[in-house]
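Below is one structure, written out as structure tokens; comments come after it.
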Amino acid sequence: MGPRWAAAAAVAVGLGMWPLWAIHDESPDGTVRANLEFTLPDMNGADVRLADFRGRPIILNFWATWCGPCREEIPALVAIADEYKAQRLAVLGVSVDDAPADLRRFAADYAMNYPVLVGLGQDALQETYDAAMFVPITWLIRADGTVFLKHQGPATPEWLRTQARALVAGASEPE
């Protein structure tokens with residue numbers, strides 16, 4: 001990495017910009033590929049490889065049980081997971097700091113119908129997806145593995161549904 005590249009990265013980080021080159025592979029045409037080379041346990045202890053979801057559109061939602069806005073998003077994510085199952089949309093919830101036993105109780109209370117993954121201790125994953133300091137963060141990833149959208153902060157059910165529809169339809173730009 002040359003001095004200009006390092007300076008640009010430092011400025012972007014200092015300004016709080018999304019430094020894609022630091023966390024994802026960028027192809028020559030400018031598309032950004034999501035890093036799916038992570039394996040983490042689900043709330044029941046089974047290993048889940050993100051790479052196994054290649055070829056499917058993905059909603060990757062980073063959240064925590066103590067986070068009010070995160071809890072408010074869950075019913076919409078449950079509905080989206082159900083509505084778009086036939087289109088093979090994968091909704092994955094990554095809890096950033098909750099223990100598996102707590103997640104099992106929480107998931108039952110919220111009727112979560114999508115994989116609930118344990119992000120506790122997964123520092124590289126959380127840093128890669130900007131979830132180490134702030135939740136909720138939702139990443140929408142196209143079936144070809146390119147990033148469709150990153151959304152930091154709470155999302156309304158309507159916004160989530162609109163973006164899921166666009167993602168599944170193969171839109172090139174978020175709605």
Side-chain angles (χ1 to χ4, degrees), residues 18 23-24 33-168 174:
W18 181 23
I23 59 175
H24 305 281
R33 298 192 85 48
N35 182 349
L36 300 176
E37 297 304 320
F38 292 98
T39 300
L40 57 159
D42 69 11
M43 65 182 174
N44 297 312
D47 282 342
V48 175
R49 290 174 10 111
L50 297 183
D52 289 345
F53 294 93
R54 281 194 178 108
R56 298 174 63 180
I58 302 167
I59 294 178
L60 187 59
N61 177 255
F62 291 85
W63 62 283
T65 58
W66 50 262
C67 168
C70 301
R71 290 192 307 265
E72 290 176 15
E73 290 179 341
I74 291 172
L77 293 169
V78 166
I80 288 167
D82 188 48
E83 181 178 348
Y84 291 100
K85 183 183 274 185
Q87 289 90 352
R88 300 189 64 232
L89 173 66
V91 177
L92 305 171
V94 180
S95 171
V96 297
D97 62 1
D98 297 294
D102 296 329
L103 290 174
R104 287 190 295 273
R105 285 188 297 274
F106 186 89
D109 289 346
Y110 279 77
M112 295 173 81
N113 61 350
Y114 52 89
V116 177
L117 309 177
V118 179
L120 182 64
Q122 300 287 332
D123 297 342
L125 172 78
Q126 290 189 41
E127 289 172 16
T128 296
Y129 285 94
D130 295 338
M133 299 297 286
F134 186 89
V135 290
I137 292 182
T138 304
W139 290 76
L140 288 86
I141 302 166
R142 295 181 189 95
D144 68 2
T146 59
V147 174
F148 179 67
L149 178 66
K150 170 194 164 188
H151 179 77
Q152 185 171 328
T156 66
E158 296 78 21
W159 185 89
L160 285 166
R161 277 191 221 95
T162 299
Q163 300 313 318
R165 184 173 44 257
L167 179 64
V168 168

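Here the structure is a predicted model, which means the values were calculated and not measured.
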R71 side chain vs T65 backbone, donor-acceptor pair below 3.5 Å: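 Yes; at least one donor-acceptor contact below 3.5 Å.
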
Indicate yes or no for a side-chain donor-acceptor contact from N44 to the backbone of A46 under 3.5 Å, with no hydrogens or angles considered.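 No.
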
Contacts of type side-chain contact (heavy atoms from CB on, under 4.5 Å), residue [X], not counting sequence neighbours:
X    : value
F134 : I137, Q152
V78  : I74, N113, Y114
D102 : A99, R105
D97  : A64, W66, L120

Candidate list V94, D130, L149, I58, test side-chain contact (heavy atoms from CB on, under 4.5 Å), partner W139, passing option: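 Testing W139 for a side-chain contact (heavy atoms from CB on, under 4.5 Å) against V94, D130, L149, I58 leaves exactly one candidate, D130.
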
Which heavy-atom pair separates [X] from [Y] by the least distance, and what is that distance?
X    : Y    : result
R33  : D144 : NH2-O, 2.6 Å
A166 : F148 : CB-CZ, 3.8 Å
A155 : L160 : CB-CG, 3.8 Å
A34  : I141 : CB-CD1, 3.7 Å
M43  : P100 : O-CB, 3.5 Å
E127 : A132 : CG-CB, 4.3 Å

Got a sec, which pairs hit disulfide bond (SG atoms under 2.5 Å apart) with one end in [range], sequence neighbours left out?
range           : result
residues 97-163 : none
residues 51-100 : C67-C70
residues 97-130 : none

Applying ring-ring contact (aromatic ring centres under 6.0 Å, His included), name anything that partners W159, two or more places apart in sequence or on another chain.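 Listed in chain order: H151.
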
Sequence-distant partners of F62, ring-ring contact (aromatic ring centres under 6.0 Å, His included), two or more places apart: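 F62 satisfies ring-ring contact (aromatic ring centres under 6.0 Å, His included) with Y129 only.
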
Measure the spacing between [atom1] of [X] and [atom2] of [Y] and express it to the nearest 0.5 Å.
X    : Y    : atom1 : atom2 : answer
T162 : L167 : OG1   : CG    : 12.5 Å
R165 : Q163 : CZ    : CD    : 9.0 Å
T138 : K150 : OG1   : NZ    : 11.0 Å
L40  : Q122 : CG    : CD    : 5.0 Å
R161 : Y84  : CZ    : OH    : 9.0 Å
D82  : L89  : CG    : CG    : 11.5 Å

Under the side-chain hydrogen bond (donor to acceptor under 3.5 Å, both in side chains) rule, collect the residues that match up with D109, sequence neighbours excluded.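 Result, side-chain hydrogen bond (donor to acceptor under 3.5 Å, both in side chains) vs D109: none returned.
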
side-chain hydrogen bond (donor to acceptor under 3.5 Å, both in side chains) partners for E73, two or more places apart: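 Expected list: N61.
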
Are T128 and N35 linked by a side-chain donor-acceptor pair shorter than 3.5 Å?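 Not at all, the side chains of T128 and N35 share no donor-acceptor pair under 3.5 Å.
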
Please test F53 against V48 for side-chain contact (heavy atoms from CB on, under 4.5 Å), starting from the C-alpha separation and ending with a verdict. CA-CA 10 Å; F53 294 93; V48 175; 3.7 Å; yes

Residue pairs passing the salt bridge (Lys or Arg N to Asp or Glu O under 4.0 Å) test where at least one lies in residues 51-64, sequence neighbours excluded: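 Residue pairs with at least one partner in residues 51-64: E37-R54, R49-D52.
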
Derivation and outcome, side-chain contact (heavy atoms from CB on, under 4.5 Å), residues D98 and F106: CA-CA 10 Å; D98 297 294; F106 186 89; over 6 Å; no

Please determine whether side-chain contact (heavy atoms from CB on, under 4.5 Å) holds for the pair L117 and L50, giving the CA-CA distance in whole Å, both sets of side-chain angles, and the decisive distance to 0.1 Å. CA-CA 10 Å; L117 309 177; L50 297 183; 4.2 Å; yes

